[in-house]
Amino acid sequence: MMKGSAGALLFALFLTLPAHVSAQNTSDTIPLFISFDSLSLDDKALMDKYKDVFENDLEDFLDIFNTSPKSKIDTTVYDMDRSSHVEIGLDFISRNLINGRITGISGVAFNPSVSYYHKTGLYFGISTGFYTDPAIVKVTAVPLVALSAGYQHTFFKRWFIGLGYSHNFVTYGGTVSRRLLDNTLSLSTSVDIWKHIVLGASGDIYWSSIHSRVLPEAEKFSSEIALSVRKEFFIYKFIGAKVFTITPALNFYFGNDNRAFAKQLGTSEVKGDSVTRKNVTKIISNNYFGFLDIEPSVMLDWRIRNLDIYATPTLAIPFNTLNTKTDVRTLNPKIYSFYIQAGIKYLFCVKPKKKKAANAASHVTEPAFEP
């Protein structure tokens, strides 16, 4: 590497030399012309070598920022995203917030998951949630299990659409609070406009499995609409990654302001705070729909063949928060909550079994899973 860099530097400096060099003495100035033809064969060979090193170094440098669709990125990444595969992942979140609002769960959260994605776009998966909140840890070893299934596909290489359903099994809190807003139906879409900017939108509907007449209306149903604008920057062959992506985004959230309160109801039951439980039960009945949150973020994604590592620093800025003492909403409470989402996952390509005839009486089957 040092040899190549030195060669490139020497060649670049040589190109900056003037076409002729003037030699001056006390009596007269005699112009001295130097021609490449006057170089010896060894010097010419050395110059050609430095020229090749310089061109290769320059090509490698420009290739890092090459976003042309003709650029040859890792074929494993390209094939994996368009083939049937299994994903095993572990996600992390530093703070348990919903639309910038506290949920009553302290500490961080970890979410191991296993998902299967078919090349047609169908998928299903299972994930679990673990919290470091001491009160929840004492009550149950596995506080959350979630099942999900749906369909997602990118049409014309620019238009993404996804439809999914998930159900949460909560193992902490009271009998009623465990089944509050535990079903989710999601519809999402995004469009890549001229490969310069991506506009996205999603809609989520939440509803409770329990159907009690005494249950307040705000505890039975909730909804959310998210709008986003983002820009993806791709860097190839960077820090060991075949594809390194930087995605700054701006996200806007609108919806019912009751999901965080429903979560607080469950955690207050675990912590045995009867006063908090009474207040939360009163607050959750305030069914509000409006602008809830704005969250600027920057996603950093490392893709190294079958391995995907990401981190998303995010700043949550909630709006129209409810004052629990006065029952009055504040348009801009000037609350800023910083948190980080991060994760790692490994992708296993799934190929159909192919039978190979070893002879007329025996067959050999290829392995179904291949890393």
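The model shown is predicted, which means the values in this text are computed figures rather than measured ones.
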Trainee: Checking Thr103 side chain against Gln264 main chain: does a donor-acceptor pair fall under 3.5 Å?
Mentor: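 Flag not set: sc Thr103 to bb Gln264 has no pair under 3.5 Å.
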
Trainee: Could you give the distance from CG (Asn183) to OH (Tyr206), rounded to the nearest 0.5 Å?
Mentor: 12.0 Å

Trainee: Between Ile197 and Phe252, is there a shared hydrophobic cluster once you connect ILVMFWY residues whose side-chain heavy atoms come closer than 4.5 Å?
Mentor: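 In one cluster: yes.
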
Trainee: Using 0.5 Å steps for rounding, measure from the CD1 atom of Ile161 to the CG atom of Leu187.
Mentor: 6.0 Å

Trainee: Taking side chain as C-beta onward, heavy atoms only, is Met299 less than 4.5 Å from Arg230?
Mentor: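 The answer is no; the side chains never approach within 4.5 Å.
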
Trainee: Please tell me if the side chains of Ile309 and Leu300 come closer than 4.5 Å, counting only heavy atoms from C-beta onward.
Mentor: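 Side-chain contact under 4.5 Å: no.
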
Trainee: Do Phe338 and Ser94 pass the side chain to side chain contact (heavy atoms under 4.5 Å, CB included) test, and can you show the C-alpha distance, the side-chain angles, and the key distance before you say yes or no?
Mentor: CA-CA 9 Å; Phe338 177 80; Ser94 62; over 6 Å; no

Trainee: Is the count of non-hydrogen atoms from other residues, nucleotides or ligands lying under 6.0 Å from Lys119 atom NZ greater than 12?
Mentor: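 Open.
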
Trainee: Inspect the contact between Arg101 and Asp293 and indicate whether a charged nitrogen and a carboxylate oxygen are less than 4.0 angstrom apart.
Mentor: no

Trainee: What's the separation between atom OG in Ser177 and atom CG in Leu265, rounded to the nearest 0.5 Å?
Mentor: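 Separation between the atoms: 5.0 Å.
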
Trainee: Any chance you could measure Ile105, atom CD1, to Tyr131, atom OH, to the nearest 0.5 Å?
Mentor: 4.5 Å

Trainee: Is any side-chain heavy atom of Lys345 closer than 4.5 Å to a side-chain heavy atom of Asp91?
Mentor: no

Trainee: Any donor-acceptor pair under 3.5 Å linking the side-chain atoms of Asn111 with those of Ser127?
Mentor: no

Trainee: Can you tell me if Asp301 uses its side chain to pair, donor with acceptor, with the backbone of Tyr310 under 3.5 Å?
Mentor: no

Trainee: Kindly indicate, with the supporting measurements, whether the criterion ring pair (Phe, Tyr, Trp, His ring centres under 6.0 Å) is fulfilled by Phe110 and Phe130.
Mentor: CA-CA 5 Å; Phe110 296 92; Phe130 298 93; 8.4 Å; no

Trainee: Are there more than 12 heavy atoms of other residues, nucleotides or ligands under 6.0 Å from atom CZ of Phe156?
Mentor: no

Trainee: Between Arg179 (side chain) and Ser208 (backbone), is there a donor-acceptor pair under 3.5 Å?
Mentor: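 Side chain of Arg179 to backbone of Ser208, a donor-acceptor pair under 3.5 Å: no, none is there.
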
Trainee: Going by distance alone, is a donor N or O of one side chain under 3.5 Å from an acceptor N or O of the other, for Asn96 and Tyr339?
Mentor: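 The criterion, which ignores hydrogens and geometry beyond distance, is not satisfied for Tyr339 and Asn96.
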
Trainee: Using 0.5 Å steps for rounding, measure from the CG atom of Asn251 to the CD1 atom of Ile317.
Mentor: 11.5 Å

Trainee: I want to check something: taking the side chain as every heavy atom from C-beta on, are Phe169 and Leu147 in contact at a cut-off of under 4.5 Å?
Mentor: yes

Trainee: Are any side-chain N or O atoms of Thr171 and backbone N or O atoms of Val142, one a donor and one an acceptor, separated by less than 3.5 Å?
Mentor: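 Indeed, once roles are kept as given, a pair shorter than 3.5 Å links the two residues.
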
Trainee: For a quick check under 3.5 Å, do His118 and Thr120 share a side-chain donor-acceptor pair by atom type?
Mentor: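 Yes.
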
Trainee: Run the ring pair (Phe, Tyr, Trp, His ring centres under 6.0 Å) test on Phe348 and Tyr346 for me, step by step, so that the C-alpha distance in whole Å, both residues' side-chain angles and the decisive distance to 0.1 Å come before the verdict.
Mentor: CA-CA 7 Å; Phe348 299 86; Tyr346 193 84; 4.9 Å; yes

Trainee: Output the rest of the hydrophobic cluster of Tyr288: all Ile, Leu, Val, Met, Phe, Trp and Tyr residues reachable through side-chain heavy-atom contacts under 4.5 Å, sorted by chain and number.
Mentor: Leu292

